[in-house]
Amino acid sequence: MINISGRRFSRLFKISAIVLCVFIISAVFLSSNRGLYNVTGLENNNEPSFASDPSIKKTFSSIFDAIKKHSPDKEVVRKKNDNCLLDGTVGTGNNDVKNWHRLSQKSMEGCLELSDSEINTLKSKHDAYIQSLEEIAVEKIHYKGKGIAIVGGGKFSLLAFLVVKTIRKFETTLPIEIFIPPQDVEDELEFCQQLLPEDNAKCIYLSDILPSQDIKKYEFKRYQYKSLAILASSFDDLLLIDADNFPIKNLDGIFDNEPYTSTGLILWPDFWRRSANPKFYEITGIELDTKKRVRNAIDDLTPPEVYTEDFSKLADVPFHDFSGTLPDPSTESGQMMINKGKHMKTLLLALYYNVNGPSWYYPILSQGAAGEGDKETVIAAALHNKAKFYQVKFKTGVEGYHQSNGRGFRGVAMLQHDFVQDFARYEDATARIKELYSTESFKQFDSGYSIDAFYEKYISQVNTDIPEEKRKIDVLFVHSHLPKFDPVPLWQSQDLIEDGKHFRSYTSLKKINYFDIELQNFEIFDKYICQDTIAFPYIKNEVKDADMPDLCNYIKNRLSYLQETHESVTSVA
């Protein structure tokens, strides 16, 4: 028998009482914060992972096996013929019209030569994969809730951390999941388990949806991780953003607005017109009508009779103006909203395009155009599946600075706009154009038609015909990609220093609602790299211990400069 004295029992009783009180207080706190993830960062508080059902992994294992079984061998040979007139990207404005003939069907088919044998193989493999999905119990995959996903790992975990902090600065309460690639899982434990839970965020892994023995079968590269992150994320309504893409408005409620509620898929534009090889449509079985013109670049509202003088002479018309093709402009994949319940088959087809992306579908869908990669895979899959989607009409903006010595303007960020406000503008434009061309007599060729005039009158903010309450379209995302907010290369290259003095790369903060993005990010660098010395593996791998004081000296000096100039760049004129 164990003998406990009265004094020892009293002390034990007091300790137990204290522990019990702490437990009760903690339980009350957690129950009042049900949206928070627990400290492990592995599961939603009081809720199992959506992939905890073994049948989920079994289903995904079948999907990946189907991809592997029905993927084409080898890879495309990047070879052009003399018919290809494309020697770069082509824009959507008046200044680009003279180059639009370079996007004709004949030209586009010559920019990536595909043999009949290759086309037949790609087509048979594509058809077989589509058929295999009918035999897989896709309906067993059940996602829940609404949230945000970002691909991390290595330097992208540090970049994603900056984005998480910005999301919380604008008081968005949606939960966040950071996808960690398989090779980075062990290195990111401190990041996943200590940093992220503070901001209602956690890490997710490919092993959440795919058995570990299957992960070893596949070789995934950087671009392909986004399609994997979408599937591994637990959310049914998902906003996927790049690790260098900063939302600068509160995002709560974005899934409750049109056109998302009716389409379940929102995409944003790139700067350029589409350059997909026409053979893509033959490979995938998408029906086209190359005798029927349905748009003029970004103008899909004005009747074609207004800008087409002779419908018997369409040889030089850009291929993607024809019925059935992907609409212009091309897609920028730094952000995407998607409902998985509505678009599961779209996502699984996009996954197929991404797994086979570097070898086949990236070059087929972009043909070497700027940003070639995963950017066109989701919209291409949606088109194939005849699924609804909405791509923002407002042109991508740019923020940056004018370089010294006459080197011109340097864009450092792409600015993408509020899709709700954009859709309201588009609906208004649809009604006005429908009224304008209400009778056939008005549907006739107009030699004075201008694509820029269309955009300015119906889409842009400068037209005073648009009611003032509908004229403003806010920047929603700041895709800061050149340079990224990565302290290591900035310090090594001294990129934003001239003649020994720091300067700002964001010079028109009015565009982004006076959010001092540079200052916030360098405050984070100073706190988490130089003060708290959080173990970001990327920093440890890239910077020797002896060089850390120099890195932190750079961070502190730049931070001081940004603090000193903060008021002058954020004051409302």
Under 3.5 Å: donor-acceptor pair, side chain of [X], backbone of [Y]:
{"X": "Lys393", "Y": "Arg425", "value": "no"}
{"X": "Ser71", "Y": "Ile67", "value": "yes"}
{"X": "Asp328", "Y": "Ile298", "value": "no"}
{"X": "Thr396", "Y": "Leu415", "value": "no"}
{"X": "Asn257", "Y": "Gly253", "value": "yes"}
{"X": "Ser227", "Y": "Gln224", "value": "yes"}
{"X": "Gln391", "Y": "Pro329", "value": "yes"}
{"X": "Asp187", "Y": "Asp184", "value": "no"}
{"X": "Glu372", "Y": "Pro358", "value": "no"}
{"X": "Asp208", "Y": "Ala232", "value": "no"}

Test Gln335 against Glu332 for side-chain hydrogen bond (donor to acceptor under 3.5 Å, both in side chains), laying out the working first. CA-CA 7 Å; Gln335 57 288 303; Glu332 195 266 311; 2.7 Å; yes
Please determine if Lys511 forms a cation-pi arrangement with Tyr514, meaning its NZ or CZ atom is less than 6.0 Å from the six-membered ring centre and no more than 45° off the ring axis.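 Cation-pi check for Lys511 and Tyr514: fails.
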Salt bridge (Lys or Arg N to Asp or Glu O under 4.0 Å) partners of [range], not counting sequence neighbours, each pair once:
{"range": "residues 230-256", "value": "Lys146-Asp256, Lys226-Asp242, Asp244-Lys484, Lys249-Asp418, Lys249-Asp474"}
{"range": "residues 61-75", "value": "Asp65-Lys217"}
{"range": "residues 346-360", "value": "none"}
{"range": "residues 150-176", "value": "Lys165-Asp199"}

Of all heavy-atom pairs between [X] and [Y], which one has the smallest distance, and what is that distance?
{"X": "Ile150", "Y": "Ala160", "value": "CG2-CB, 3.8 Å"}
{"X": "Val163", "Y": "Ala243", "value": "CG2-O, 3.3 Å"}
{"X": "Trp360", "Y": "Pro72", "value": "CD1-CG, 3.5 Å"}
{"X": "His126", "Y": "Tyr352", "value": "N-OH, 3.7 Å"}
{"X": "Thr89", "Y": "Ala370", "value": "CG2-N, 3.4 Å"}
{"X": "Ile379", "Y": "Leu326", "value": "O-CD2, 3.7 Å"}

Using the test side chain to side chain donor-acceptor pair (under 3.5 Å), find all partners of [X] that sit at least two apart in sequence or belong to another chain.
{"X": "Thr325", "value": "Arg295"}
{"X": "Asn521", "value": "none"}
{"X": "His70", "value": "none"}
{"X": "Glu134", "value": "Lys345"}

[atom1]/[X] to [atom2]/[Y] distance, rounded to the nearest 0.5 angstrom?
{"X": "Leu174", "Y": "Asn200", "atom1": "CG", "atom2": "CG", "result": "9.0 Å"}
{"X": "Thr59", "Y": "Ile136", "atom1": "OG1", "atom2": "CD1", "result": "8.0 Å"}
{"X": "Thr284", "Y": "Leu383", "atom1": "OG1", "atom2": "CG", "result": "7.5 Å"}
{"X": "Ile167", "Y": "Ile248", "atom1": "CD1", "atom2": "CD1", "result": "12.5 Å"}

Can you confirm whether more than 12 heavy atoms, excluding those of Glu186, are under 6.0 Å from its CD atom?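 Open: at most 12 neighbouring heavy atoms sit under 6.0 Å from CD of Glu186.
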Assess whether atom CD of Glu287 is packed by more than 12 heavy atoms of other residues, nucleotides or ligands within 6.0 Å.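 Open.
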Under the ring-ring contact (aromatic ring centres under 6.0 Å, His included) test, which residues partner Phe280, sequence neighbours left out?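 In terms of ring-ring contact (aromatic ring centres under 6.0 Å, His included), with neighbours along the sequence ignored, Phe280 is linked to Tyr353.
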Trace of the side-chain hydrogen bond (donor to acceptor under 3.5 Å, both in side chains) decision for Glu188 with Ser157: CA-CA 8 Å; Glu188 302 289 357; Ser157 288; 3.3 Å; yes
Could you go step by step and tell me if Asp127 and Lys123 meet the side chain to side chain contact (heavy atoms under 4.5 Å, CB included) rule? CA-CA 6 Å; Asp127 290 347; Lys123 181 174 175 55; 3.8 Å; yes
Using distance alone, with no hydrogens and no angle criterion, decide if [X] and [Y] have a side-chain donor and acceptor under 3.5 Å apart.
{"X": "Ser233", "Y": "Glu177", "value": "yes"}
{"X": "Asp300", "Y": "Tyr426", "value": "yes"}
{"X": "Ser132", "Y": "Glu135", "value": "no"}
{"X": "Ser366", "Y": "Arg274", "value": "no"}

If the condition is salt bridge (Lys or Arg N to Asp or Glu O under 4.0 Å), which residues does Arg558 pass it with, not counting sequence neighbours?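 For Arg558 the salt bridge (Lys or Arg N to Asp or Glu O under 4.0 Å) partners, ignoring immediate neighbours, are Glu518.
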Non-neighbouring partners of Glu282 that pass salt bridge (Lys or Arg N to Asp or Glu O under 4.0 Å), sequence neighbours left out: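 With neighbours one apart ignored, the set is Lys279.
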Taking the six-membered ring for Trp, are [X] and [Y] ring centroids under 6.0 Å apart?
{"X": "Phe246", "Y": "Phe477", "answer": "no"}
{"X": "Tyr390", "Y": "Phe419", "answer": "no"}
{"X": "Tyr143", "Y": "Phe235", "answer": "no"}

List in chain and number order the residues that pass side-chain contact (heavy atoms from CB on, under 4.5 Å) with Pro489, two or more places apart in sequence or in another chain; answer none if no residue qualifies.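 Partners of Pro489 by the side-chain contact (heavy atoms from CB on, under 4.5 Å) criterion, ordered by chain and then number, come out as Asp486, Tyr538.
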Over 60° means perpendicular and under 30° means parallel, so tell me whether Phe522 and Phe525 are parallel, tilted or perpendicular.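 Aromatic pair Phe522/Phe525 classed perpendicular.
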Any idea how Phe161 and Phe536 line up, ring-wise: parallel (<30°), tilted (30 to 60°), or perpendicular (>60°)?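 Aromatic pair Phe161/Phe536 classed tilted.
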Begin from the C-alpha positions of Thr430 and Glu427 and carry the test side-chain hydrogen bond (donor to acceptor under 3.5 Å, both in side chains) through to its verdict. CA-CA 5 Å; Thr430 302; Glu427 282 194 313; over 6 Å; no
Is there a side-chain hydrogen bond (donor to acceptor under 3.5 Å, both in side chains) between Ser480 and Tyr506 once you walk through the steps? CA-CA 10 Å; Ser480 182; Tyr506 284 72; 2.7 Å; yes
Between Ile215, Leu210, Leu228, which is the residue that forms a side-chain contact (heavy atoms from CB on, under 4.5 Å) with Pro182?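 It is Ile215, the one option of Ile215, Leu210, Leu228 that forms the side-chain contact (heavy atoms from CB on, under 4.5 Å) with Pro182.
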Side chain to side chain contact (heavy atoms under 4.5 Å, CB included), that's the test. Do Tyr362 and Asp374 meet it? Break it down for me. CA-CA 7 Å; Tyr362 294 165; Asp374 67 295; 3.9 Å; yes
